[in-house]
Chemist: 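Below is the structure I would like to discuss, written out as structure tokens.
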Amino acid sequence: RVAVRSDGTSLQYAAEELKNRREIVMAAVAKDWRALEFVSNPLKDDPAVVLAAMENQRNDDHYHGIWDRRKLVLAEASARLRNDAA
């Protein structure tokens, strides 16, 4: 838990059971939206998790244009959420 609070993408090294714990995942995507890539599939279908990643990526100056960043986050979300966003 401590690792993902300082570096969200460290979730990639976590045990699968941790990638499926909502509080761990929320901490990771709150720190770095790119952590969504490493989240368990069931939580990639959780609107709150995906929304938290979208909220976080707004402040990421590395990617320009809100639509481009939104597409990057949605690319890691479940197919159901991608279809809902369309």
Chemist: Does some side-chain heavy atom of Arg22 sit less than 4.5 Å from a side-chain heavy atom of Pro42?
Modeler: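 No; the side chains remain at least 4.5 Å from each other.
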
Chemist: If you compare all heavy atoms of Asp45 against all heavy atoms of Ser78, which two are closest, and at what distance to 0.1 Å?
Modeler: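 Asp45 and Ser78 have their closest heavy atoms at OD1-OG, 2.6 Å.
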
Chemist: Suppose we screen for side chain to side chain contact (heavy atoms under 4.5 Å, CB included). Which residues come up paired with Glu76, at least two apart in sequence or across chains?
Modeler: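 In terms of side chain to side chain contact (heavy atoms under 4.5 Å, CB included), with neighbours along the sequence ignored, Glu76 is linked to Leu36, Glu37, Lys44.
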
Chemist: Could you tell me which residues satisfy side-chain hydrogen bond (donor to acceptor under 3.5 Å, both in side chains) with Asn20, sequence neighbours excluded, listed by chain and number?
Modeler: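 With sequence neighbours excluded, Asn20 shows a side-chain hydrogen bond (donor to acceptor under 3.5 Å, both in side chains) to Ser40, given in chain and number order.
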
Chemist: My understanding is that only residues two or more places apart in sequence, or in another chain, count here; which of them pass salt bridge (Lys or Arg N to Asp or Glu O under 4.0 Å) with Lys19?
Modeler: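 If we apply the salt bridge (Lys or Arg N to Asp or Glu O under 4.0 Å) test to Lys19, skipping adjacent residues, the hits are Glu16.
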
Chemist: Using side chain to side chain contact (heavy atoms under 4.5 Å, CB included) as the criterion, list what pairs up with Thr9, not counting sequence neighbours.
Modeler: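 Scan of Thr9 (side chain to side chain contact (heavy atoms under 4.5 Å, CB included), adjacent residues dropped) gives Asp7, Gln12, Asp32, Arg34, Phe38.
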
Chemist: For Ser10, which residues count as a side-chain hydrogen bond (donor to acceptor under 3.5 Å, both in side chains) partner, sequence neighbours excluded?
Modeler: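 With sequence neighbours excluded, Ser10 shows a side-chain hydrogen bond (donor to acceptor under 3.5 Å, both in side chains) to no residue whatsoever.
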
Chemist: Can you name the nearest heavy-atom pair linking Leu11 to Ala28, along with the distance?
Modeler: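 Closest approach of Leu11 to Ala28, heavy atoms only: CD2-CB, 4.1 Å.
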
Chemist: What is the distance from atom CD1 of Ile24 to atom CG of Leu43, rounded to the nearest 0.5 Å?
Modeler: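 Those atoms lie 11.0 Å apart.
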
Chemist: Looking at Ala77 and Val50, what are the two nearest heavy atoms and their distance?
Modeler: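 Reported closest heavy-atom pair: CB-CG2, 3.8 Å.
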
